[in-house]
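Notes for the one structure printed next.
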There are 2 protein chains.
Amino acid sequence: MEQASAAENFIERMGLISQVDGAPRIAGRILGLLIVEGRPFTLDEMAERLKISKASASTNARQLRASGIIRLVAHAGDRHDYYELGSDPYRRSMETISERLASIGSEVIEAAASFPEGQAEAKRRVCQFGRFYLRMGERLKAWSEQVEDEADTTTN
Amino acid sequence: MEQASAAENFIERMGLISQVDGAPRIAGRILGLLIVEGRPFTLDEMAERLKISKASASTNARQLRASGIIRLVAHAGDRHDYYELGSDPYRRSMETISERLASIGSEVIEAAASFPEGQAEAKRRVCQFGRFYLRMGERLKAWSEQVEDEADTTTN
DNA sequence: GCAGTCGTTCAGTCAAGACTGAACGAACTG
DNA sequence: CAGTTCGTTCAGTCTTGACTGAACGACTGC
């Protein structure tokens with residue numbers, strides 16, 4: 001049995017967290033890797049280090065990129081795609097969540113709008129539910145604009 | 001093809017939202033049903049209305065109950081278990097999320113503690129990540145204590 | 001042109017878990 | 001006690017989607 005370093009341990013834990021959240025485990029592990037190492041990685045490096053196929057590395061990295069958590073960087077004279085932690089990755093991920101919440105909120109309110117006359121009470125409850133999501137999204141978005149400041153002030 | 005009422009439409013939509021969030025679809029549909037109808041339901045009623053087995057109704061209702069979103073009520077002289085929306089269901093669900101975030105945060109920080117000397121930078125980044133989750137949990141918790149007030153002041 | 005090196009895509013496999021039917025135990029009723 | 005009526009549990013099925021290997025297209029340098 002291979003001795004698990006603290007880094008590997010953290011990376012695997014990130015995978016499990018990601019999995020419980022309904023996201024692919026590999027995505028969490030990639031994020032963990034980039035956090036631990038703190039430098040850009042190519043798909044091949046990620047695949048080798050995490051013992052996954054290059055296909056999985058490509059797919060999951062792109063998905064993480066789509067949610068703004070990691071970003072693609074290029075080095076001159078090097079054809080590789082390098083992925084690294086984006087700037088303010090946490091703020092960005094909060095924005096992504098915020099957008100999703102707001103989207104659900106308006107979706108629900110839209111659904112509420114089509115309720116017939118006779119169900120005013122039901123309509124009211126559905127509307128309230130939708131507004132809860134909207135408010136949550138707005139609040140999260142407001143937070144995300146403070147987070148980057150705090151991150152700078154943390155010394156350890 | 002059956003004509004889909006606004007209520008059914010909303011319920012199904014809730015199921016999809018729940019599914020995307022990684023939770024069972026039936027759980028979302030049950031929640032939607034309870035929001036729309038605004039009255040207690042027995043497992044049999046839910047099973048019939050949502051066209052699911054009683055086993056699914058039982059399992060998912062209990063799961064929703066565990067996260068504090070719905071609650072169990074009893075009527076005198078009636079052996080049935082009735083489920084209805086809990087008091088402040090949204091606040092309660094936020095508390096559940098908040099606890100989970102805090103739990104992840106301390107888990108990550110704990111993992112960071114086991115980093116060896118030579119990886120001070122990595123340890124710092126992991127710690128920062130953990131603190132982000134902790135802070136997010138704390139904020140959500142603080143906010144959940146205001147939400148119930150706002151809910152009362154909403155007129156429509 | 002060809003060979004090599006990227007990232008992506010796609011068909012296929014496989015495992016996780018959602019869902020069900022049937023059996024079960026508990027609590028009533030007569 | 002037998003007969004119902006609940007809720008729960010468990011074995012089994014089946015769907016979803018994560019993951020992979022192999023093929024592919026784009027690009028580079030020779």
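Lettering of chains follows the sequences in order, A, B, ..., and the numbering in each one begins at 1.
- Residues B:Leu72 and B:Tyr82 are not in side-chain contact: their nearest non-hydrogen atoms beyond the backbone lie 4.5 Å or more apart.
- Straight-line distance from the NZ atom of A:Lys51 to the P atom of D:dG21: 14 Å, rounded to whole Å.
- A parallel orientation is assigned to the rings of B:Phe132 and A:Tyr90, their planes being inclined by less than 30° (bins at 30° and 60°).
- Here C:dC6 is the nucleotide among D:dT8, C:dC6, D:dC6 with the atom lying nearest to any side-chain atom of A:Asp44.
- Taking 4.0 Å as the cut-off between side-chain N and carboxylate O, A:Glu145 and A:Lys141 do not count as a salt-bridged pair.
- If you measure from atom CE of B:Met46 to atom P of C:dC19, you get 13 Å, rounded to the nearest angstrom.
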Q: Evaluate side chain to side chain contact (heavy atoms under 4.5 Å, CB included) for B:Val73 paired with B:Asp81, printing each intermediate quantity in order.
A: CA-CA 7 Å; B:Val73 292; B:Asp81 284 3; over 6 Å; no

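- Contact check, B:Ser53 against C:dG21: no side-chain N or O comes under 4.0 Å of OP1 or OP2.
- Per the geometry, CG belonging to B:Asp78 stands 8 Å off P belonging to D:dC6, to the nearest Å.
- A salt bridge links B:Asp21 with A:Arg100; the closest basic N to acidic carboxylate O contact falls under 4.0 Å.
- Note that B:Arg39 lies in the cation-pi zone of B:Phe41, set by a 6.0 Å cut-off to the ring centre and a 45° limit from the axis.
- Checking C:dT8, D:dG21, D:dG7 against the side-chain heavy atoms of A:Tyr83 singles out C:dT8 as nearest.
- Within the structure, every side-chain polar atom (N or O) of B:Ser58 is placed at least 4.0 Å from both OP1 and OP2 of D:dG7.
- Mapping A:Gln19 and A:Leu43 onto DNA chain C via the closest heavy atom, the residue that lands nearer the 5' end is A:Leu43.
- By the rule that hydrophobic residues join a cluster once side-chain heavy atoms approach within less than 4.5 Å of another member, B:Trp143 and B:Ile104 end up as members of one cluster.
- In the set C:dT8, D:dT20, C:dC19, the nucleotide with an atom closest to the side chain of B:Asn60 is C:dC19.
- Looking at residues 20-34 of chain A, you'll see A:Pro24, A:Arg25, A:Ile26 sit with a heavy atom under 4.0 Å from some atom of DNA chain D.
- Checked against C:dC19, C:dG7, D:dT8, the side chain of B:Ser56 finds its nearest nucleotide in C:dC19.
- Salt-bridge formation is not detected for the pair A:Glu138/A:Arg135: no Lys NZ or Arg NE/NH1/NH2 atom is positioned less than 4.0 Å from an Asp or Glu carboxylate oxygen.
- The distance between atom OH of A:Tyr82 and atom C1' of C:dG7, rounded to the nearest whole Å, is 14 Å.
- Out of C:dT9, D:dT9, D:dC6, the shortest distance to the side chain of A:Arg62 is found at C:dT9.
- Applying a 4.0 Å cut-off to non-hydrogen atoms, none of the residues of residues 70-77 of chain B approaches DNA chain D.
- More than 12 non-hydrogen atoms from other residues, nucleotides or ligands lie less than 6.0 angstrom from CZ of A:Arg125.
- A:Lys54 places its NZ atom 12 Å from the P atom of D:dG21, with the value rounded to the nearest Å.
- The pair A:Asp44-A:Arg49 does not count as a salt bridge, with every side-chain nitrogen at least 4.0 angstrom from each carboxylate oxygen.
- In this structure, a donor-acceptor pair under 3.5 Å is present between the side chains of B:Ser56 and B:Ser53.
- Checking B:Arg91 against B:Gln146 by side-chain atom types alone, no donor-acceptor pair falls below 3.5 Å.
- As rounded to whole Å, 14 Å separates atom P of D:dA18 from atom CD1 of A:Ile52.
- At whole-Å resolution of the value, CD in B:Glu45 and C1' in D:dC6 are 14 Å apart.
- Atom CZ in A:Phe41 sits about 14 Å away from atom P in C:dG7, given to the nearest Å.
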Please produce a list of atom pairs where a protein N or O lies less than 3.5 Å from an N or O of nucleotides 25-30 of chain D.
{"from": "D:dC27", "atom 1": "O2", "to": "A:Arg79", "atom 2": "NH1", "distance (Å)": "3.3"}

